[in-house]
2 protein chains.
Amino acid sequence: MNDQKQFYELFPNLEEGLYEELMKYGDVKEIPAGTALLKAGQTIRSTMLVLDGIVKLYQEDDEGNEFFMYNLQQGQACAVSMICTYQQEKSQVTAKAVTDVVLLTIPLEYMDKWLSKYKSWHYFVIKTYRSRYEELLKTINEIAFKNMDERLEFYLKKQVKQFGKHVKLTHQEIATDLNSSREVISRLMKKMERNGWIIINRNSFEWIKD
Amino acid sequence: MNDQKQFYELFPNLEEGLYEELMKYGDVKEIPAGTALLKAGQTIRSTMLVLDGIVKLYQEDDEGNEFFMYNLQQGQACAVSMICTYQQEKSQVTAKAVTDVVLLTIPLEYMDKWLSKYKSWHYFVIKTYRSRYEELLKTINEIAFKNMDERLEFYLKKQVKQFGKHVKLTHQEIATDLNSSREVISRLMKKMERNGWIIINRNSFEWIKD
DNA sequence: GTTTGTAAGTAACCATAATCACAGATAATA
DNA sequence: TATTATCTGTGATTATGGTTACTTACAAAC
């Protein structure tokens, strides 16, 4: 992290000593878009804090189908890597850099050390768990109770919130995230366009509703 | 809890002082089957440890549909109540006693106090989060990638694991848990019976496969 | 034993979304 | 400019599971 001040803003309310240790023992990594950060079945040896960019978490099944769960952005940490790091367990999910990403990776041993040493780290870990757990609850809610059109709307809105009104995604990419098919997404998006919610461009769309 | 020894077995590896405080400040409650322990939208003021019985966690939508997530049994704690207690937040899920249940409820203030004081409590809280998070991942996996027949099989097997080969559930109850309809469950279970997986009785079924 | 309530079985039909099969559109590259 | 690759649009077909509408089965209450 070249700009230390920004770090304080991204992760506020940590103790002074903890900031120092984070700087000292954390490893800043710049990762190009598209890189897989975490693969299902992999054993994890470090926890990740996102300093910049977007990291996407999703599940994969044995036939290669995907299902999007949630994105991480700057100031957030990967609960899965914390959980797995903690008990040296294997990941059940996949994480991928959606944009170029800057990460602070923290070697496993400090996870535990800091938990006893810094109360603020403790709060941070718990807060991370809580937020991710709640994201999963929302995801379950969508898929359990809603039809494809509603799920698509929810998904697109989430993207718009993260990337702005103009989102760069192909219909195929959206279909993959929702574990649907390209044709279904094209049809539903065309309907949204007819209803004046979006404008469809090649490789992207623009949200114009509200 | 009348049998203190059992408590040590249910929640092993806690510090001696913590056991004492749990006994002293925790409140043992005996709750009849069917009682709602946690309602969506409710603010929570205590954390629950399950000493005996089965507690079911599920989501509800605005139209009253339900969707089963997972069961808690003895030796497990309610991650939702921990999460919510911690930040005085509202529950997004519903918890209900499936059988008669014995709970140890812990007032909010001790959650925080013990986190700093007892390392073992700390581990316990983290372990609880981790297990529940993983349950949700499994749930998402089921609903995202699998058809009703496979989901039903997974669900029934889970019940069998908890309650034994002879499970007391009506088709309607199963349908509600899977957010499906009674007719669909009847159809699929009849097929399972024809394939020699189960025997269907009124109000219950028996798992005979494997 | 008859009534009543609840559970389960089943057929017919319908809705949603997945799949198949193209056709056109747009952008990159030869 | 022509060629190729990728993306999008759309109709037709199919599969899954939800809905409607009964019927049958069982068991408790009268």
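Throughout, protein chains are lettered first and strands after them, A, B, ... in sequence-line order, and every chain is numbered starting at 1.
The stretch residues 58-67 of chain A participates, sequence neighbours left out, in no salt bridge (Lys or Arg N to Asp or Glu O under 4.0 Å) pair at all. Among residues at least two apart or in separate chains, ring pair (Phe, Tyr, Trp, His ring centres under 6.0 Å) pairs with a member in residues 22-46 of chain A are A:Tyr25-A:Tyr110. Contacts classified as ring pair (Phe, Tyr, Trp, His ring centres under 6.0 Å) and involving residues 31-66 of chain A (residues at least two apart or in different chains) are not found.
In this structure, B:Phe67 has no ring-ring contact (aromatic ring centres under 6.0 Å, His included) partners at least two apart in sequence or on a different chain. Residues that satisfy the salt bridge (Lys or Arg N to Asp or Glu O under 4.0 Å) test with A:Lys190, not counting sequence neighbours, are A:Glu193.
Between A:Phe124 and A:Phe11, the ring-plane angle classifies as perpendicular under the 30° and 60° cut-offs.
Within residues 142-160 of chain B, the residues approached by DNA chain D to less than 4.0 Å at the level of any non-hydrogen atom are B:Asn147, B:Met148, in residue-number order. Applying a 4.0 Å cut-off to non-hydrogen atoms, the residues of residues 179-195 of chain B that approach DNA chain D are B:Ser180, B:Ser181, B:Glu183, B:Val184, B:Arg187, listed by residue number. Contacts with DNA chain D (heavy atom under 4.0 Å) in residues 61-70 of chain B: none are found.
For the pair A:Gln172 CD and D:dA5 C1', the interatomic distance rounds to 15 Å; values are reported in whole Å. Between the C1' atom of D:dT8 and the CD atom of A:Glu173 lies a distance of 14 Å, rounded to the nearest Å. Taking atom CD1 of B:Ile200 as the reference point, atom P of D:dC26 lies 13 Å away to the nearest angstrom.
Between B:Leu49 and B:Leu10 the shortest side-chain heavy-atom distance does not fall below 4.5 Å. A:Lys56 is listed as a side-chain neighbour of A:Asn71, based on a closest heavy-atom distance under 4.5 Å.
Look at A:His171 and you won't find any side-chain N or O under 4.0 angstrom from OP1 or OP2 of D:dT6.
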For DNA chain D, what string of dots and brackets results from 5' to 3' when Watson-Crick and G-U pairs need both distances under 3.5 Å, crossing pairs get [ ], and pairs with another strand get |? ||||||||||||||||||||||||||||||
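In this structure, A:Tyr19 has its ring center under 6.0 Å from that of A:Tyr8.
With A:Glu134 contributing its side chain and A:Ser131 its backbone, the two residues share no donor-acceptor pair below 3.5 Å. With hydrogens and angles disregarded, a donor-acceptor distance shorter than 3.5 Å links the side chain of A:Ser81 to the backbone of A:Met48. Remark: side-chain polar atoms of B:Asp52 are not paired, donor with acceptor, to backbone N or O of B:Val101 under 3.5 angstrom. B:Thr99 places a side-chain N or O within donor-acceptor distance of the main-chain N or O of B:Ile54, the cut-off being under 3.5 Å.
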Please table the atom pairs, donor to acceptor, closer than 3.5 Å between any side-chain atom in residues 194-210 of chain A and protein atoms at least two apart or in another chain.
from	atom 1	to	atom 2	distance (Å)
A:Asn195	ND2	A:Lys191	O	3.4
A:Trp207	NE1	A:Lys209	O	3.3

Got a list of side-chain donor-acceptor pairs under 3.5 Å for residues 137-156 of chain B, not counting sequence neighbours?
from	atom 1	to	atom 2	distance (Å)
B:Thr139	OG1	B:Met69	O	3.4
B:Thr139	OG1	B:Glu135	O	2.9
B:Asn141	ND2	A:Gln59	OE1	2.9
B:Glu142	OE2	B:Lys146	NZ	3.0
B:Arg151	NH2	B:Leu178	O	3.1
B:Glu153	OE2	B:Lys157	NZ	2.9
B:Tyr155	OH	B:Asp177	OD2	2.4

How does protein reach along nucleotides 25-30 of chain C, written 5' to 3' as B (base within reach of a heavy atom under 4.0 Å), S (only sugar-phosphate), or - (no contact)? BBS---
